[in-house]
Amino acid sequence: MPRNYFLTRSGSLRRKDNTLVFEPSPEKDAPCEPLAGVEEVFYSDDEPSAPTADASGSFAPPSPLEAPDAALTQAAGAPSLSADDLGELALEPPAMDEATLLDTRSEASVKVNDRRVIPVEDVESIWVFRELDLNARVLVFLSQHHVPVHFFNYYGFYAGSFYPRDYLQAGYMIVRQVRHYSNRRLRLAIAREFIAAALHNITRNLRYYGARGIDLQAETEGVQLESLRLPEVKSIGELMACEGRARHAYYQGFAKILRDRVEFTKRARRPPDNPVNALISFTNGLVYTAVLSQIYRTQLDPTISFLHEPGARRFSLALDLAEVFKPLLADRLIFKLINQRQLHERDFAQDLNCCYLKDSGRKLILQEWDNRLQKTIEHRRLKRHVSYERLIRLECYKLVKHLTNDEPYKGFCAWW
């Protein structure tokens, strides 16, 4: 089964026959140190318990992605890059000093000395966190095999994507997406579902920790109050305002949920000013790129969105759908890493007014992130186990069904 590859070491990527060959840069980087495999983490005391069968569940996105606020650099040679409002830093990133080709399931690639030989059929997508040297031959090869490549800048903030030529593109679907976007009523119905599902999943997180003795009543009521307002909302602007107030209440609860008196009073994105904000920015960027990879596997056009305004050079539909999954994928990961003391102060760096993750913290998160994407739950409707990553694809399919009048869209609501 194809999997995600995370390049956290500088080097070059080349094509050799039907394989990709990654060769780290020896002169700049420490020896290749692939992270040891990590046992899949299922349900600890610090994250919502295991999913059980049942669900109103169905399947179910962000406001401008609370994205990292860092430099949005254009990836060299990429046919299209998305920037979005992920923030910017007017800092010239220095060369990084260490890196690793991270594959948490190391059997996927063959290591020859420091080189990694990866069959292209095993690659779902590639996430690049360091300097990478590649040529047009590799990009053409990746495009032929429908492999998107996501680039992150020095601070770990999303920079852009190499988005191969659409191989599932359908004119009919584009027409349907445009029709739903241009009709105010139809657009509002979809956007409302995105926010409703996001607030439901936020409430699940708050209730989980509330049931463990943390006083989160005020925050929970604040989110629920905004949920009750959604049916009366008449415009996308009002919807975004509801989402903003709910997230403000939600972030007030972060300081209570996170142990060790972690400093967090408010969300700051441009740039993140403390470790928690840095974590939120980094993990939100991961959610965004994971959603974009899955949209690529469907007939949806990632530039036509419903909650966020489609802007120039941005994959705004990924922002929409990411709203639904941020509480499940990003926020729960943050709670777990901090409360289980897996991340430490030494994993962060402060540069002027910006706080960002060092390589050590980034590698740890990527390892946990990959485990989380592969973690499975028993799906109530399909009656089988599906991974979190697959849930994102299913969400895309649900949206397709809605756009083609096959089945009304219902945002994904967690039941665990």
Enter the distance from W369:CH2 to L337:CG here, rounded to the nearest 0.5 Å. 11.5 Å

So does L168 get a backbone contact from the side chain of D166, meaning a donor-acceptor N/O pair under 3.5 Å? no

Using modelled atom types and a 3.5 Å cut-off, is there a donor and acceptor pairing between side-chain atoms of R192 and backbone atoms of V233? yes

Please report the C-alpha distance between Y296 and Y167 in whole Å, then the side-chain angles of each, then the deciding distance to 0.1 Å, and finally whether the side chain to side chain contact (heavy atoms under 4.5 Å, CB included) criterion is met. CA-CA 9 Å; Y296 178 67; Y167 68 109; 3.5 Å; yes

F152 side chain near W127 side chain, heavy-atom distance below 4.5 Å: yes

For Y208, is there any backbone N or O sitting under 3.5 Å from a side-chain donor or acceptor partner on R212? yes

Quickly, which of L343, L279, I257 forms a side chain to side chain contact (heavy atoms under 4.5 Å, CB included) with I334? Name it, please. L279

Is it true that E378 and R384 make a salt bridge, defined as a side-chain N closer than 4.0 Å to a carboxylate O? no

Can you tell me if N205 uses its side chain to pair, donor with acceptor, with the backbone of P327 under 3.5 Å? yes

For the student: nearest non-hydrogen atoms of Y181 and F306, plus distance: N-CE2, 3.8 Å

Aromatic plane relationship, H379 with W415 - under 30° parallel, 30 to 60° tilted, over 60° perpendicular: perpendicular

Over all heavy atoms of both residues, which pair between R297 and E124 is shortest? Give the atoms and the distance, please. NH2-O, 2.6 Å

I'd like to know if the side chain of H145 and the backbone of F141 have a donor-acceptor N/O pair within less than 3.5 Å. yes

Measuring from atom CG of N183 to atom CG of L188, what distance do you get when rounded to the nearest 0.5 angstrom? 10.0 Å

Under 6.0 Å between the ring centres of F254 and F335? yes

Side chain to side chain, V147 and L20, heavy atoms closer than 4.5 Å: no

Tell me the closest heavy-atom pair linking S25 and G11, and the distance in Å. OG-CA, 3.3 Å

Evaluate the ring planes of Y288 and Y158, with Trp represented by its six-membered ring, and classify them as parallel (under 30°), tilted (30 to 60°) or perpendicular (over 60°). perpendicular

Which label fits Y409 and F194: parallel for a plane angle under 30°, tilted from 30 to 60°, or perpendicular past 60°? perpendicular

From K326 atom NZ to N284 atom CG, the distance as rounded to the nearest 0.5 Å: 4.5 Å

Can we say K256 and E219 salt-bridge, meaning some charged N sits less than 4.0 Å from an Asp/Glu carboxylate O? yes

Y356 and Y154 aromatic ring geometry - parallel, tilted or perpendicular at 30°/60° bounds: tilted

Without swapping roles, check the side chain of E226 against the backbone of E243 for a donor-acceptor pair under 3.5 Å. no

Check the surroundings of atom NE2 in H146: do more than 12 heavy atoms from other residues, nucleotides or ligands lie under 6.0 Å from it? yes

Might you point out which heavy atoms bring F348 and K358 nearest each other, and give the distance in Å? O-CE, 3.3 Å

Side chain to side chain, I295 and D301, heavy atoms closer than 4.5 Å: no

Heavy-atom check, side chain of L292 versus side chain of Y163, under 4.5 Å: yes

Nearest heavy-atom approach of S387 to Q374 is CB-O, 3.9 Å

Are L391 and F325 close enough that some pair of their side-chain heavy atoms sits under 4.5 Å apart? yes

Do the charged groups of E368 and R362 touch, with an N to O distance under 4.0 Å? no

Donor-acceptor under 3.5 Å (D347 side chain, H344 main chain): yes

Of all residues at least two apart in sequence or in a different chain, which pass the side-chain contact (heavy atoms from CB on, under 4.5 Å) check with A189? none

Would you tell me whether R116 and T19 have side-chain atoms, one donor and one acceptor, within less than 3.5 Å of each other? no

Go through the steps to decide whether Q252 and K266 satisfy the test side-chain hydrogen bond (donor to acceptor under 3.5 Å, both in side chains), and finish with yes or no. CA-CA 7 Å; Q252 295 300 309; K266 65 176 182 178; over 6 Å; no

Non-hydrogen side-chain atoms of F129 and D359 separated by less than 4.5 Å: no

To the nearest 0.5 Å, how far apart are SG in C413 and CG in N201? 6.0 Å

Can a donor-acceptor pair be found, under 3.5 Å and without considering hydrogens, that links the side chain of S143 to the backbone of L139? no

Would you say R332 and L328 make side-chain contact, with heavy atoms under 4.5 Å? yes

What I'd like to find out is whether the side chain of Y209 reaches to under 4.5 Å of the side chain of N339, using heavy atoms alone. yes

Just do the side chain to side chain contact (heavy atoms under 4.5 Å, CB included) check on L206 and I214 with the steps written out, would you? CA-CA 9 Å; L206 291 172; I214 302 175; over 6 Å; no

Tell me if a side-chain donor or acceptor on D133 pairs with a main-chain N or O of L13 at a distance below 3.5 Å. no

Gap between atom CD1 of I190 and atom CZ of R185 - 0.5 Å precision: 10.5 Å

R372 side, atom CZ; L366 side, atom CG - distance, nearest 0.5 Å: 13.5 Å

Might you confirm whether atom CD of Q350 has over 12 heavy atoms from other residues, nucleotides or ligands at distances under 6.0 Å? yes

Provide the closest heavy-atom pair for L286 versus T289 in the form atom of the first, atom of the second, distance. O-OG1, 2.9 Å

With side chain to side chain contact (heavy atoms under 4.5 Å, CB included) as the criterion, how do L307 and I195 come out once you've worked through the C-alpha distance, each side chain's angles and the decisive distance to 0.1 Å? CA-CA 9 Å; L307 178 61; I195 296 299; 3.6 Å; yes

Side chain to side chain contact (heavy atoms under 4.5 Å, CB included) evaluation trace for L225 with E221: CA-CA 6 Å; L225 178 61; E221 290 177 352; over 6 Å; no

For H180, is there any backbone N or O sitting under 3.5 Å from a side-chain donor or acceptor partner on R187? no

